[in-house]
Participant: 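Please read through the structure below; I'll follow up with questions.
Heads up: numbering here begins at 1 and tracks the sequence.
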Amino acid sequence: MLTRVDAALGWAIEIPVAILTALEIIILFAGVVARYVVQRPFTWSDELASILFLWLAMLGAVVAFRRGEHMRMSVLVARAPPRLAPFFEAFAAAIAVAFLGLILGPAIEHAADEAIVMTPALELPSVWRAAAVPVGCGLMLLVAAVRLARVGGVGQIVLALLLIAAIGGGLWLLEPVLMAIGNYRLVVFFVALVGAGVLAGAPIAFVFALATFAFLAITTRTPLTIVVSRIDEGMSHIILLSVPLFVFLGLLIEATGMAKAMVDFLASLLGHVRGGLSYVLLGAMYLVSGISGSKAADMAAVAPVLFPEMKRRGARPGDLVALLAASGAMSETIPPSLVLITIGSVTGVSIAALFTGGLLPALVVALALGVVVWRRYRGDDLSRVRRAGVVEILGALLVALPGLALPFLIRAAVVEGVATATEVSTIGIFYTIVVCLLMTRTFPWRRLLPMLIETASLCGAILLIIGAATAMAWALTQSGFSRDLAAAMAGLPGGNAAFLAVSVVAFIVLGSVLEGIPAIVLFGPLLFPIARQLGVHEVHYAMVVILAMGVGLFAPPFGVGYYAACAIGRVNPDEGIRPIVGYIAALVLGLVVVAVVPWLSVGFLER
């Protein structure tokens, strides 16, 4: 029975969310054509796209929750004794049930409040957009209840719910004590409570949101609809609309074979060099990252193409996955990285400037990784490896040329004002479709629906955590924490050098625990103003922060990016622990160079 309900929910949500994703692409591309080609811009396209975007984000979050794709830290839970696994799964689902049950009422109230607001262009009641939040929360509550019933027995379910109720009741009874200790109560809610939930394996978005809800409900008189409005605000920022579009573009590049063509060209150039395919992997990640914007999509596009040949040449699986993870960290600053877009949306830094400033820092780190590759493979026997001829290289270049041109097309479209950072990915999508049809006269139509659904699922998971982190950041700001943090960071002895050093250490830790996007949403609005106050260029600071988070994200034992690389490469995580140490050292060295030499980040901005 539960399986049938779950399957019915899947079809009822996945088809509409795929349609929403396709509509967003069509609407934004039509806006570009109307404005730049026909020169008769639509006045309503951005507004309609914004309305549909919140629905896409919320329904995508439902799909991600049903598929178990929300970001979570499962390292410690996976190492727990098998008899405790059902309880941890039940506890994680119970946290989602608790939050969604508590927030549903305020979400409905928030949507009702929006009924009196009219949109400026379409003149529609804003409730049409805001209703996405209670509908999404209600559907996720249903999915969470089904999951809770499936993952644990009656005993585990009752124990998990009682534990959450006991924690909530205990905090409520301790209200006088919490009020008396001032801002130290933040440690209780946003360190102890969040830490316990994250370590227990609960999805990070729900942990953030539940901690924020509990903090406001118990220690303040703030209307709880503010939690919903801040989640709404965090998820529906128009610049974030580029997230699903770039994710879909990355999937499309892989499905049409353009990614494979670029990798094959690089292999024809360097395949005969000692460690040549490792250099190809670095170069491929550099190029593909400039297209997809998603590190998971980047690794999934490159690893299946290169790993079989590298293994045939004697490379150990642990070495391969270590280099794949390190190259994922290296490419975090390559536009159009989702982290770059997120930084721009939450801090006000120019996304075009971030796109320009991210290329050289990634190149510096790539060179550091290349030195490690040279040292490890300098003794390889290449007597059986055939060197590609000039004709073969030129043929591979001809096939790869459309894919190699795409990153330059995307950047030129933004710089020349043809499209905004939000719209430019649609140009890449239609360019890829046209190239595919012209060159192969075929298109992977059967993969289109799964790609649209996968796009919505990934983006729903990302956007929900951005919304929850936005609400948490607002609560921290209102408590005065940001003012105290700013004073402490600004007062560090050593000025901007000390500030950068502390930021590097802090974001390596944050990147390993929270991943890049939630860490940026939480701390970006707090720390970027301090950087400006201390004279650190905001683009330079962004590059330092992103690379630091990349080190944390892809470094074992806590970095979830490392485990994603292992899953994509189908390698046991234990095999890559020792080989990755040298690569992590190279990443840190490259990070230090970027931090010490601001010109690498801002040099081209001054021209």
Participant: So how far is it from F53 CZ to L23 CG, rounded to the nearest 0.5 Å?
Facilitator: 14.5 Å
Participant: So how far is it from I51 CD1 to L20 CG, rounded to the nearest 0.5 Å?
Facilitator: 12.0 Å
Participant: With a 4.5 Å cut-off on side-chain heavy atoms, are L193 and L171 touching?
Facilitator: yes
Participant: Could you tell me which non-hydrogen atom of G197 sits nearest to which non-hydrogen atom of V207, and how far apart they are?
Facilitator: C-CG2, 3.8 Å
Participant: Is there a side chain to side chain contact (heavy atoms under 4.5 Å, CB included) between L28 and L245 once you walk through the steps?
Facilitator: CA-CA 10 Å; L28 289 177; L245 303 182; 3.4 Å; yes
Participant: Do H540 and L500 have side-chain heavy atoms sitting under 4.5 Å apart?
Facilitator: yes
Participant: Where is the tightest heavy-atom contact between I218 and W172, given as atom of each residue plus distance?
Facilitator: CG1-CE3, 3.7 Å
Participant: Return the minimal non-hydrogen interatomic distance between L148 and A94, and the atom names on each side.
Facilitator: CD1-N, 4.0 Å
Participant: Taking the basic N atoms (NZ, or NE/NH1/NH2) and the acidic carboxylate oxygens, is any pair closer than 4.0 Å for R66 and E14?
Facilitator: yes
Participant: Provide the closest heavy-atom pair for L224 versus P106 in the form atom of the first, atom of the second, distance.
Facilitator: O-CB, 3.9 Å
Participant: Check whether T219 reaches the backbone of L216 with its side chain - one donor and one acceptor, N or O, closer than 3.5 Å.
Facilitator: no
Participant: Return the CE to CD distance between M543 and E538, rounded to the nearest 0.5 Å.
Facilitator: 10.5 Å
Participant: Show your working on side chain to side chain contact (heavy atoms under 4.5 Å, CB included) between F91 and I164 and close with a plain yes or no.
Facilitator: CA-CA 8 Å; F91 184 69; I164 292 174; 3.6 Å; yes
Participant: Less than 3.5 Å apart, which donor and acceptor atoms pair up between the side chains of residues 128-143 and the rest of the protein, not counting sequence neighbours?
Facilitator:
unit_1 : atom_1 : unit_2 : atom_2 : d
R129   : NH1    : D232   : OD1    : 2.8
R129   : NH2    : D232   : OD1    : 3.4
R129   : NH2    : D232   : OD2    : 3.0

Participant: Are L178 and I181 side-chain neighbours, meaning at least one heavy-atom pair lies under 4.5 Å?
Facilitator: yes
Participant: Are side-chain heavy atoms of W474 and I226 found at a separation under 4.5 Å?
Facilitator: yes
Participant: Measuring only between side-chain heavy atoms, which start at C-beta, is F87 closer than 4.5 Å to L163?
Facilitator: yes
Participant: Please report the closest heavy-atom contact between G60 and V17, naming both atoms and the distance.
Facilitator: N-CG2, 3.7 Å
Participant: I need the T225 OG1 to R230 CZ distance, nearest 0.5 Å.
Facilitator: 10.5 Å
Participant: Would you say V544 and L591 make side-chain contact, with heavy atoms under 4.5 Å?
Facilitator: yes
Participant: Please examine the side chains of P125 and V117, heavy atoms only from C-beta on, and report whether any two atoms are closer than 4.5 Å.
Facilitator: no
Participant: Closest approach of A362 and I334, non-hydrogen atoms and distance?
Facilitator: CB-CG1, 3.5 Å
Participant: Starting at CG of L104, measure out to CD of E109 and round the result to the nearest 0.5 Å.
Facilitator: 12.0 Å
Participant: Quick one: do L56 and E24 satisfy side chain to side chain contact (heavy atoms under 4.5 Å, CB included)? Show the steps, please.
Facilitator: CA-CA 9 Å; L56 169 62; E24 292 284 21; 4.1 Å; yes
Participant: Where does the angle between the aromatic ring planes of F190 and F215 fall among parallel (under 30°), tilted (30 to 60°) and perpendicular (over 60°)?
Facilitator: tilted
Participant: Could you tell me the separation between the CD atom of E454 and the OG1 atom of T21, rounded to the nearest 0.5 Å?
Facilitator: 11.5 Å
Participant: Going by the angle between their ring planes, with limits at 30° and 60°, are F206 and F65 parallel, tilted or perpendicular?
Facilitator: tilted
Participant: Would a 4.5 Å heavy-atom cut-off, applied to side chains only, mark M235 and L54 as touching?
Facilitator: yes
Participant: Ignoring hydrogens and angles, tell me if any N or O in the side chain of T119 forms a donor-acceptor pair with the backbone of L124 under 3.5 Å.
Facilitator: yes
Participant: Apply side chain to side chain contact (heavy atoms under 4.5 Å, CB included) to residues I343 and F528 and explain how you reach the verdict.
Facilitator: CA-CA 10 Å; I343 284 182; F528 271 74; 3.9 Å; yes
